[in-house]
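A quick write-up on the structure given underneath.
Per chain, numbering begins at 1; letters A, B, ... match sequence-line order.
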Number of protein chains: 2
Amino acid sequence: MPAKSKDSRPGGRSARVRAAVHRAVVDLVQEAGADKVTIPAVARRAGVNPSSVYRRWGTASALLADVAARRQDEETPELVGDLRQDLERVAVWTLTDLSRPGGVAFFRAEVAPDVDDRKAGLRACLERVSARFRAPLEAAARRGETTPSLERVLDRVVAPLYFRVVFSIPGTDESFARGLVAELCDAVDAGAAGMARGQR
Amino acid sequence: MPAKSKDSRPGGRSARVRAAVHRAVVDLVQEAGADKVTIPAVARRAGVNPSSVYRRWGTASALLADVAARRQDEETPELVGDLRQDLERVAVWTLTDLSRPGGVAFFRAEVAPDVDDRKAGLRACLERVSARFRAPLEAAARRGETTPSLERVLDRVVAPLYFRVVFSIPGTDESFARGLVAELCDAVDAGAAGMARGQR
DNA sequence: CAGTTAAAGCGGCGGTCTTTGCTTTAAGCA
DNA sequence: TGCTTAAAGCAAAGACCGCCGCTTTAACTG
């Protein structure tokens, strides 16, 4: 008896179909935009029968969300051990991921309000972004450093990045992302220094 | 001959139909979400023939955009003459507008990438938001005060508000909006004071 | 008040998406 | 190597959307 309890038959054909469909989705998104990603179109492109896609994913939004989820779990920048550097890396990585063709489309697809609970996609998307930033923050906290809260990072770094990419505001590049992190860290350092002076 | 050159017959029935359609769109958006706003659905709800809506607006996106545009032009907070207070008012107003049922849906609809130029909706949406904040900034600049740039306001105030509302992060209320403005203004004041000290 | 004519209403056509029951294929396992 | 069965393929039926030609209504004008 196999150890796996679910995904009872993931090997061979199923895996092949899943891969083909995922590749087709990525291609279609960055060729025609997320709103053109319809199940028949994906199926045609993947050389797969539409009903197979319907049975497995149900809706186009769910499919997009699935692809987006796998996409972000693939590569992650490793941490150096310096809070500012690590935050910069994650910020730049976030921006890069968001900027590549179709990146915003995936974001929008996950945010689309027709999946299940109408909040599940949002939660998942936010959680994935948060996790990236939580790692360096917690590492620094374990080292005893003063760190900004996660919410603060979201407000000061992530939100501006997303906002600017969505509205395609010019000048939103890596150095800008690093600047956001630097500003935040400087504010924290100044605050910590002020506290230290005040308590002395 | 009437003075109006276009909108050659806006009175009576046309106006009535337009009002009914707009109301139906608002209702549908906050009941079923923007993706359920289809022209037949709107027409049914408004008690209007679908072809009338097709002829007038063409696509569901255009209709959404039209409604969103009118919606924001209705009421605007008047300015007091104090930069911080004015920014706070606009920020709170922005948050309120975004938070009411369907507010985010309209945002998402305008951002959707299937209208015309694929950027027109974005431009319009950003421009409307920017205009709100530009007014108090320019007024303050005319008074000779030191003001943050519009981009800075977008990064530090607008982006967090949108981000938090989209992801429905708890604790995003009026006092939070005011706090964002206060932080930004404090930073500007501190910077100005520092400059003044440094140049003395 | 009567004529003009935008604009709304109506019916139907074509196309795409979605669903569903049934058949076929090929992993996983003894 | 065969058996079992999950999953893919297939095809037909249904639903809905978007569009278009024609008819009807009712604002504007003189």
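For residues 129-139 of chain B, the set of pairs meeting the salt bridge (Lys or Arg N to Asp or Glu O under 4.0 Å) definition, not counting sequence neighbours, comprises B/E127-B/R134.
The distance between atom CG of A/N49 and atom C1' of C/dT25, rounded to the nearest whole Å, is 13 Å. Spacing between atom CZ of A/R44 and atom C1' of D/dG9 amounts to 16 Å, rounded to whole angstrom units. Between the CG atom of A/D35 and the C1' atom of C/dT16 there is a distance of 15 Å, rounded to whole Å. Spacing between atom CD1 of B/I39 and atom P of C/dG9 amounts to 14 Å, rounded to whole angstrom units. In this structure, the NZ atom of B/K36 is 15 Å from the C1' atom of D/dA15, given to the nearest Å.
The nucleotide whose nearest atom lies closest to any side-chain atom of B/R13 is, among C/dA27, D/dG18, D/dA27, D/dA27. With distances taken from any side-chain atom of A/V17 to the nucleotides D/dT25, D/dA8, D/dC17, the minimum falls on D/dA8. Of the candidate nucleotides C/dG9, D/dG18, D/dC10, D/dG18 has the atom lying nearest to any side-chain atom of B/T38.
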*salt bridge (Lys or Arg N to Asp or Glu O under 4.0 Å) between B/K36 and B/E31, intermediate numbers included*: CA-CA 9 Å; B/K36 295 294 182 56; B/E31 275 178 22; over 6 Å; no
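For D/dA27, the OP1/OP2 oxygens have a side-chain nitrogen or oxygen of B/R16 closer than 4.0 Å.
When atom types are taken as modelled, the side chain of B/R56 and the backbone of B/S14 share a donor-acceptor pair closer than 3.5 angstrom. In terms of modelled atom types and a separation under 3.5 Å, the side chain of A/T38 and the main chain of A/A41 share no donor-acceptor contact.
Surrounding CZ of B/R143 are more than 12 heavy atoms belonging to other residues, nucleotides or ligands, all under 6.0 Å away.
Of the residues in residues 51-58 of chain B, those placing a heavy atom less than 4.0 Å from an atom of DNA chain C are B/S51, B/S52, B/R55, B/R56, in numerical order.
Below 30°, between 30° and 60°, or above 60°: for B/F167 and A/F107 the angle between ring planes is between 30° and 60°, a tilted geometry.
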